Amino acid sequence: FSYRQSIFSTSTLPYDDEQQGLNEQITISFSHVVAENTPKGIAAEKFKELVEEKSNGRVVVQIYPNSMLYNDENELEALRDNEVQMIAPTSSKVTNTLPNWQVLDLPFIIESNEQLKKVLNGDTSKSLLQELERINVKGLTFWNNGFKQIASTSPIIEVEQFKGQRVRMMSGDILQEQFHLLDAKPIAIPFGQVYSDLKNNIVDAQENTISNIYSKQFHTMENHITLSNHGILAYAVMINEDFWNSLDEEIQTIITDSLEEMQDWQFERAELFNEENLSYLKANPNVNIYELDEQTKNAWKEKLNPIYSRYEKKINSHYLEALLKEIR
Ligand code: LMR
């Protein structure tokens, strides 16, 4: 379709500059899977605005939201093939390629926005981004989308209520393990397919942030939402490495400066989005919102407890220890 054309025709338009010929226009295609009116959607827009402004229009960022070009299953491959130059997948979606990344999927480790900010801007995250070099991808930064909640077609409050529920999950071993420990039936489904699978009664529940639930209208089918805050949703902002290396230093600096400039803003906006969207859901008489009391939350934690030692044994104790140190 028409978007593809603009991506695959390499843009070498001469840039209107004194050094015409040397400075060709550079197009960065940025693909993502969520709606525009979300913490990631607006972050991509802000990034575009800053980079285009700082480069005086020499760099153009084209954003393709809503899985219109690539979905969870093929966006990393598209990035590695330089079919798009930037993506910002949820960290969980990198775990099949780089298992250490599963540390960010461990439930009930990060429990406040403050801790989340520390972790996503800290050394553990930097090491994870560096691991991307192994697959010829340059990791730039992490963006935030807060905490995951449980949205379901019937109430899931007591931990026993997970039993037998078909739960949509992002692909990833720890997430799968999590739902197995809860006696649910996890099914890995790309984000762009969740709405239709709910409509077709293929799944009963999912874990996601309020902004993702609200912006995709999942609550119209999953009208029971439990505010469990059991896991985090973080985005790894990444760029094709060959493309990155082909950029002159000035442009590279414009990109990293833009990301740095908007980092705190992105975190604040993510919190605000989730708060605001939650207030809309609370005001909706068709949606039931539940909080977990201390005792119930502890029952969830107890059920999930074996997951930590399994991660340490199977994957890497170093990252878990480092992460815990960062938030204590
Ligand atoms: C999901 O698949 O539910 C999320 O990772 C979507 C996103 O990018 O926030």
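First listed ligand is number 1; within each ligand, the first listed atom is number 1. Note that this is a predicted model, so its numbers are computed, not measured.
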Review point. Distance from I232 atom CD1 to N144 atom CG, nearest 0.5 Å?
Key: 8.0 Å
Revision key, fill the gap. N212 heavy atoms within 4.0 Å reach ligand 1 at atoms 4 (C), 6 (C), 7 (C), 9 (O)
Point to revise | Enumerated ligand 1 atoms positioned under 4.0 Å from heavy atoms of V33 | key: 8 (O)
Study note, to complete from the structure: For K40, the ligand 1 atoms with a heavy-atom partner under 4.0 Å come out as 7 (C), 8 (O)
Point to revise | Atoms in ligand 1 flagged as close to V34, the criterion being non-hydrogen separation under 4.0 Å | key: 6 (C), 7 (C), 8 (O), 9 (O)
Check your understanding: Which option out of T209, L233, T90, N145 puts a heavy atom nearest to atom 5 (O) of ligand 1?
Key -> T90
Check your understanding: Considering only heavy atoms of N208, which atoms of ligand 1 have at least one such atom less than 4.0 Å away?
Key -> 1 (C), 3 (O)
Practice item. Please confirm whether Y280 and Y214 have ring centers closer than 6.0 angstrom. Key: yes
Review point. For atom 9 (O) of ligand 1, what is the nearest protein heavy atom, given as residue, atom name and distance?
Key: Y235 OH, 2.4 Å
Review point. What about F162 and W300, are their ring centers closer than 6.0 Å?
Key: yes
Review point. Do T256 side-chain atoms and Q252 backbone N/O form a donor-acceptor pair below 3.5 Å?
Key: yes
Revision key, fill the gap. One finds that the ligand 1 atoms under 4.0 Å from a non-hydrogen atom of K93 are 1 (C), 2 (O), 4 (C), 5 (O), 6 (C)
Point to revise | Proximity of F142 and W101 rings by center, below 6.0 Å | key: yes
Check your understanding: Hey, what do you get for CD1 (I315) to CG (D173), rounding to the nearest 0.5 Å?
Key -> 7.0 Å
Exercise for review: Compute the minimum heavy-atom distance from M169 to ligand 1 and say whether it is under 4.0 Å.
Suggested key: no
Review point. Can you list the steps and then say if N274 with S211 is a side chain to side chain donor-acceptor pair (under 3.5 Å)?
Key: CA-CA 5 Å; N274 283 306; S211 61; 3.2 Å; yes
